[in-house]
J.: 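The structure is given below, and queries will be raised subsequently.
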Amino acid sequence: GENVEQHPSTLSVQEGDSAVIKCTYSDSASNYFPWYKQELGKRPQLIIDIRSNVGEKKDQRIAVTLNKTAKHFSLHITETQPEDSAVYFCAARQRMDSGYSTLTFGKGTMLLVSP
Amino acid sequence: DTEVTQTPKHLVMGMTNKKSLKCEQHMGHRAMYWYKQKAKKPPELMFVYSYEKLSINESVPSRFSPECPNSSLLNLHLHALQPEDSALYLCASSQESAATNEKLFFGSGTQLSVL
């Protein structure tokens, strides 16, 4: 099955700095990679996603890059703000023989943005 | 309405009790999911319903019994749980069938404690 590794497990930055979280996956057939943000005591929320036919996607201060050859993808947050503080989960989608698909999540990165 | 609503928010039950978790969405989404999340861990998939049919059961013990009465509702019936089943139970939905597993909308979850 798919295996998703996520690094770092914790990341502390100063407000205004950039933050980068990296994930690697094992199944070369995986073709969809979402990122979820989960604030303390709240629900996970999709913040950005990318398909395997695209190398990069941006949405304001957030960007995701994908390197299919190396099987890794990264989340980039620029001009970080205290409200960016949360746990971020990457995930990779793998299609099963049944035709259905599942998401395999990374273990999460706790991002702390200090004012 | 762009929300997934879960009730109750908190539940404490004994190992001999029977209880049910409820989930509702009115976004017209065709796939609904149950995830289990332990503290500081990623969500773990339990069940997926696609077009009101159970399409994925991730080898979940029979003390957890899912039910999808209609396209907007999802229940999780609990019976004879163990203390290690204590966790946050998240419901999610997505617009397409479970074959895509894209853009999951999560509910706020039910924090379950088994005594």
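All of these numbers come straight from a predicted model, not from anything done at the bench. Protein chains get the first letters and strands the later ones, always in sequence-line order, with residue 1 at the start of each.
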J.: Please say whether more than 12 non-hydrogen atoms of neighbouring residues, nucleotides or ligands are located less than 6.0 Å from CD in A:Gln60.
T.: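 Open.
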J.: What are the two closest non-hydrogen atoms of B:Pro42 and A:Phe105, and how far apart are they?
T.: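 Smallest interatomic distance, heavy atoms only, reads CB-CB, 3.6 Å.
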J.: Of all the heavy-atom pairs spanning B:Lys103 and A:Tyr32, show the shortest one and how long it is.
T.: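 B:Lys103 and A:Tyr32 have their closest heavy atoms at N-OH, 3.2 Å.
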J.: Chain A heavy atoms under 4.5 Å from B:Tyr35: which part of the residue, side chain, backbone, both or neither?
T.: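 The side chain, not the backbone.
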J.: Would a hydrophobic clustering, with Ile, Leu, Val, Met, Phe, Trp and Tyr connected at side-chain separations under 4.5 Å, put A:Ile62 with A:Tyr36?
T.: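 No, because A:Ile62 and A:Tyr36 fall into different hydrophobic clusters, even though each may have its own neighbours under 4.5 Å.
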J.: First locate atom CD of B:Glu102, then atom CZ of A:Arg51, and finally report the distance between them rounded to the nearest 0.5 Å.
T.: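 One finds 3.5 Å between CD of B:Glu102 and CZ of A:Arg51.
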J.: Determine whether A:Met110 and A:Ile21 fall in the same hydrophobic cluster, where Ile, Leu, Val, Met, Phe, Trp and Tyr are linked whenever their side-chain heavy atoms lie under 4.5 Å apart.
T.: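 Different hydrophobic clusters.
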J.: As a quick check of understanding, evaluate side chain to side chain contact (heavy atoms under 4.5 Å, CB included) for A:Gln38 and B:Gln37, giving each step before the final call.
T.: CA-CA 12 Å; A:Gln38 188 173 26; B:Gln37 187 178 28; 2.8 Å; yes
J.: Among A:Leu103, A:Asp49, A:Leu46, exactly one meets side chain to side chain contact (heavy atoms under 4.5 Å, CB included) together with B:Leu104. Which residue is that?
T.: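 Testing B:Leu104 for a side chain to side chain contact (heavy atoms under 4.5 Å, CB included) against A:Leu103, A:Asp49, A:Leu46 leaves exactly one candidate, A:Leu103.
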J.: If I measure from the heavy atoms of chain B, does A:Pro34 come under 4.5 Å with its side chain, its backbone, both, or neither?
T.: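 Contact with chain B: none, neither part.
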J.: When only pairs under 4.5 Å are counted, which of B:Gly109, B:Ala92, B:Ser108 shares the most heavy-atom pairs with chain A?
T.: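 The candidate making the most pairs under 4.5 Å is B:Ser108.
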J.: Shared ILVMFWY cluster between A:Ile47 and B:Phe106, side chains joined below 4.5 angstrom?
T.: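 In one cluster with A:Ile47: B:Phe106, no.
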J.: Going only through I, L, V, M, F, W and Y residues with side-chain contacts under 4.5 Å, is there a path from A:Phe89 to A:Val4?
T.: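 No, separate clusters.
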J.: Is it true that atom NZ of A:Lys107 has more than 12 heavy atoms of other residues, nucleotides or ligands lying nearer than 6.0 Å?
T.: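 No, NZ of A:Lys107 has 12 or fewer neighbouring heavy atoms, counting only those of other groups under 6.0 Å.
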